[in-house]
Amino acid sequence: MFTGSCLCNQVRFAFESRPTNVSVCHCSICRRTTGSAFGVYVKVSDVDLKLTDGADQLNSYNVTDKLSTRFCRVCGSTVFAQHADYPGFIYVTLGALAEGSDIRPTYHEFVGSKASWFDIQDSLPKFDEWSDGE
Ligand SMILES: [Zn+2]
Ligand SMILES: [Zn+2]
């Protein structure tokens with residue numbers, strides 16, 4: 001069982017299955033959303049993901065007509081993202097997972113538009129735009 005929460009702990013979630021797809025996304029949208037060099041997302045089946053607390057505190061923002069983010073209305077933490085081209089999945093922000101999680105990123109995407117001030121230091125697979133992985 002993996003668990004996580006927003007910064008103020010009012011939104012809490014859990015999922016059972018060990019994820020195999022954990023993307024580090026360097027696109028300009030993720031830079032704005034996170035205020036940092038990239039976003040890190042754990043791909044979880046929407047059947048597996050359980051919102052265990054704070055459903056009434058979740059707001060959503062339509063970034064594009066296909067992409068939306070969900071964040072805590074109290075503390076502003078982005079906890080999930082969803083994309084219409086990938087139905088059935090929720091992208092959980094890796095930073096929202098509980099301390100001690102051993103889930104690790106598996107690849108980088110949108111490296112072609114990454115921040116000029118950030119250098120990737122690991123040897124994970126890199127994709128210029130969307131990954132071709134599941
Ligand atoms: Zn919160
Ligand atoms: Zn992105």
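Quantities reported herein were computed from a predicted structural model and do not represent experimental measurements. All ligand and atom numbering here is 1-based and tracks the order in the structure.
Shown are the protein N/O/S atoms under 2.8 Å from the Zn ion (ligand 2), given by residue and atom: C25 SG, C27 SG, C30 SG.
Taking the ring centre of F89 as origin, the terminal cationic atom of K43 falls inside the region bounded by 6.0 Å and 45° from the ring axis.
By the 4.5 Å heavy-atom criterion applied to side chains, P19 and I103 are counted as neighbours. Considering only heavy atoms from C-beta on, T78 stays 4.5 Å or farther from R70 through its side chain.
Rounding to the nearest 10°, we obtain 110° for the angle at the Zn ion (ligand 1) between C72 SG and C8 SG.
Panel note: side chain D48, backbone S17; a donor-acceptor pair is recorded below 3.5 Å.
Taking the six-membered ring where the residue is Trp, W130 and F110 present perpendicular rings, their angle passing 60° and hence far from 30°.
For K66, the salt bridge (Lys or Arg N to Asp or Glu O under 4.0 Å) test picks out D85, with sequence neighbours left out.
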